[in-house]
Amino acid sequence: MSRSVLALLALAALVVIGALVWMLTRPGAEEVPLDSEARLDSPYWSDADRLVDVDGVMARVRSEGPADAPVIVMVHGFSYSLESWDAWAADLSADYHVIRMDLPGHGLTGPDPQQRYSVPETVEFLGNLLDELDLEHVTLAGNSLGGLVSWRLAAERPELVDHLVLVAPGAYSINGVTEEPVAVPMGVSFYLTSAPEAMVAAASAGLFGDVSRMDPALPARVHALMNTPGVGQALVERLEVFTLPDPTADLARVQAPTLVMWGGRDVMIPVEQASRIAGDLPQAELVIYDDLGHVLHEEDSARTVADVRAFLAQ
């Protein structure tokens, strides 16, 4: 038997053992509180961050750029945090007021005390956050889960969203998820609550078309923020209520001009869905980057943000 096969078997055994340990020691449903001091002590807290109370969720919100400039709100994907948008924000904040947040159950926002993690509840959270910030007209940019939440908010509140930028957004059924959630595999639960940094690094690499483009600091950041008190369990709870009902009728309600961006090497959400969502949106422009993966805004920020600027300048 080759060494590579033995290594794979050893890794599989490690995952199974770890998952069994997780099952025997997993925390209960009660959320772990995350106090303000713990957030402020985090190396990922910045001077541009603040806490905003959104119906009992103390959300970490970061604001950058001219306060009187057009507003771009960026919404990250599942298990990530607002840092996912660092490169785009650094560029766009020269001319736009860029606002980012950690969604409930993510990053330094931490768990929702009321465990409101379904997609409709997350859409409501985002809308309430924008109301709390007194924003009346915004461009929404979202990746994956963040893209799903963004276009659904645009469908519900067309007067609020002037433009949409969707980076490999959720929409159609994947992994058997439809209008009903699916059971969370034991290995996924173990990964979200107990994975070592090396495992997070391997999973993160899969989001890139070319792993050499991944920021070497990304795995440590994702691992650290997934280990914020209560976050891992909250991510499991989000998957337990995650649904993807047929989006066709709701996509047709989106009035905002939309830029759909997709990586040709996306292994999370098939690139075949790109033309479908662009066709179901009333005003959509589609760009496919054959060499990029699921987090194309991180993998090639310069090329992709240039296309965003061109879209918004139209």
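Numbers here are sequence positions counted from 1.
- With a 4.5 Å cut-off on side-chain heavy atoms, Met268 and Leu207 count as touching.
- Here side chain to side chain donor-acceptor pair (under 3.5 Å) pairs that include residues 167-183, with residues two or more places apart or in two chains, are Tyr172-Asp280.
- Annotation for Val231 and Gly107: closest pair CG2-O, 3.6 Å, computed over non-hydrogen atoms.
- The CG atom of Asp131 lies 10.0 Å from the CG atom of Asp55; values are rounded to the nearest 0.5 Å.
- Residues Arg213 and Asp291 are in side-chain contact: their nearest non-hydrogen atoms beyond the backbone lie under 4.5 Å apart.
- Side chain of Thr228 to main chain of Leu225: a donor-acceptor pair is present (N/O by atom type, distance under 3.5 Å, no hydrogens or angles).
- The closest donor-acceptor contact from the side chain of Asp102 to the backbone of Leu108 lies under 3.5 Å.
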Check your understanding: Stepwise, does the side chain to side chain contact (heavy atoms under 4.5 Å, CB included) test hold for Val119 with Arg152?
Key -> CA-CA 9 Å; Val119 172; Arg152 285 205 167 275; 4.1 Å; yes
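- Using modelled atom types and a 3.5 Å distance limit, the side chains of Glu285 and Gln314 yield a donor-acceptor pair.
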Exercise for review: Test salt bridge (Lys or Arg N to Asp or Glu O under 4.0 Å) on Glu83 and Arg100 and set out the steps.
Suggested key: CA-CA 9 Å; Glu83 282 84 5; Arg100 301 177 272 165; over 6 Å; no
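- Leu166 and Ile72 are assigned to two separate hydrophobic clusters, defined by single-linkage of ILVMFWY side chains at heavy-atom distances under 4.5 Å.
- For the residue pair Tyr44 / Asp49, no side-chain donor-acceptor distance below 3.5 Å is found, with atom types taken as modelled.
- Judged by distance alone, with hydrogens and angles left aside, the side-chain atoms of Gln283 form a donor-acceptor pair with the main-chain N or O of Gln255 at under 3.5 Å.
- Rounding to the nearest 0.5 Å places CD of Glu121 at 9.0 Å from CD of Gln114.
- Side-chain contact between Val149 and Phe125: absent, with no pair of heavy atoms (C-beta onward) separated by less than 4.5 Å.
- Side-chain contact between Val271 and Arg265: absent, with no pair of heavy atoms (C-beta onward) separated by less than 4.5 Å.
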Exercise for review: Give the intermediate values and the outcome of side chain to side chain contact (heavy atoms under 4.5 Å, CB included) for residues Val287 and Val260.
Suggested key: CA-CA 6 Å; Val287 182; Val260 179; over 6 Å; no
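- Donor-acceptor pairing under 3.5 Å is recorded for the side chains of His294 and Ser144.
- Between the Thr109 side chain and the Arg60 main chain, a donor and an acceptor come within less than 3.5 Å of each other.
- The minimum heavy-atom distance between Glu299 and Gly293, with the atom names listed, is OE1-N, 2.9 Å.
- Closest non-hydrogen pair, Arg253 versus Ala155, comes out as NH2-O, 3.2 Å.
- Atom CG of Leu292 is separated from atom CG of Asp210 by 9.0 Å, given to the nearest 0.5 angstrom.
- Checked against the 6.0 Å centroid criterion, the rings of Trp85 and His76 do not qualify as a close aromatic pair.
- In this structure, CE in Met214 is found 6.0 Å from CZ in Phe208, a value given to the nearest 0.5 Å.
- For the residue pair Ser46 and Arg62, the shortest heavy atom distance occurs at OG-NE, 3.2 Å.
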**Study point:** Pair Asp91-Arg309, salt bridge (Lys or Arg N to Asp or Glu O under 4.0 Å): steps then yes or no
**Key:** CA-CA 10 Å; Asp91 182 293; Arg309 282 188 171 276; 2.6 Å; yes
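- Put simply, the side chain of Glu237 never gets that close to the backbone of Tyr117: no donor and acceptor are under 3.5 Å apart.
- Side-chain contact between Val123 and Glu156 is present, with heavy atoms from C-beta onward closer than 4.5 Å.
- A donor-acceptor pair is defined here as one N or O able to donate and one able to accept, closer than 3.5 Å; such a pair exists between the side chain of Asp266 and the backbone of Ile269.
- The cluster map of Ile, Leu, Val, Met, Phe, Trp and Tyr, joined by side-chain heavy atoms under 4.5 Å apart, puts Trp151 and Val177 in the same cluster.
- In terms of modelled atom types and a separation under 3.5 Å, the side chain of Ser194 and the main chain of Tyr191 share no donor-acceptor contact.
- Between the side chain of Gln233 and the main chain of Thr193, no donor-acceptor pair closer than 3.5 Å is present.
- Between the side chains of Trp262 and Ser275, not a single donor N or O lies within less than 3.5 Å of an accepting N or O.
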Exercise for review: Would you check, one step at a time, whether the test side chain to side chain contact (heavy atoms under 4.5 Å, CB included) holds for Val295 with Asn143?
Suggested key: CA-CA 7 Å; Val295 289; Asn143 170 233; 3.8 Å; yes
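- Ser301 places no side-chain N or O within 3.5 Å of a backbone atom of His297 that could act as its donor or acceptor partner.
- Following chains of ILVMFWY side-chain contacts shorter than 4.5 Å, one cannot reach Val75 starting from Val305, and the two form parts of different hydrophobic clusters.
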Practice item. In sequence, state the C-alpha distance, the side-chain angles, and the governing distance for Leu296 and Met261, and then conclude on side chain to side chain contact (heavy atoms under 4.5 Å, CB included). Key: CA-CA 8 Å; Leu296 52 89; Met261 314 173 80; 4.2 Å; yes
Practice item. Go through the steps for Thr122 and Arg238 under the test side-chain hydrogen bond (donor to acceptor under 3.5 Å, both in side chains), then give the verdict. Key: CA-CA 10 Å; Thr122 307; Arg238 179 176 287 277; 2.8 Å; yes
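- Side chains of His106 and Ser79: a donor-acceptor N/O pair is absent below 3.5 angstrom, by distance only.
- His223 contributes a side-chain N or O that, together with a main-chain N or O of Ala195, makes up a donor-acceptor pair within less than 3.5 Å.
- Between Val267 and Gly206 the shortest heavy-atom distance is CG2-O, 3.1 Å.
- Atoms CD and CG, on Glu298 and Asp215 in that order, are 8.0 Å from each other to the nearest 0.5 Å.
- In the hydrophobic cluster analysis, where Ile, Leu, Val, Met, Phe, Trp and Tyr join through side-chain heavy atoms closer than 4.5 angstrom, Val165 is grouped apart from Leu103.
- Nearest approach of Ala256 to Leu164, heavy atoms of both residues: CB-N, 4.3 Å.
- In this structure, Asn128 and Glu132 have side chains that are not in contact, with every pair of non-hydrogen atoms separated by 4.5 Å or more.
- Taking CG of Leu130 as the start and CG of Leu160 as the end, the distance is 5.5 Å to the nearest 0.5 Å.
- Under a hydrophobic-cluster definition in which Ile, Leu, Val, Met, Phe, Trp and Tyr are linked whenever side-chain heavy atoms come within less than 4.5 Å, directly or via other members, Val161 and Ile99 are assigned to the same cluster.
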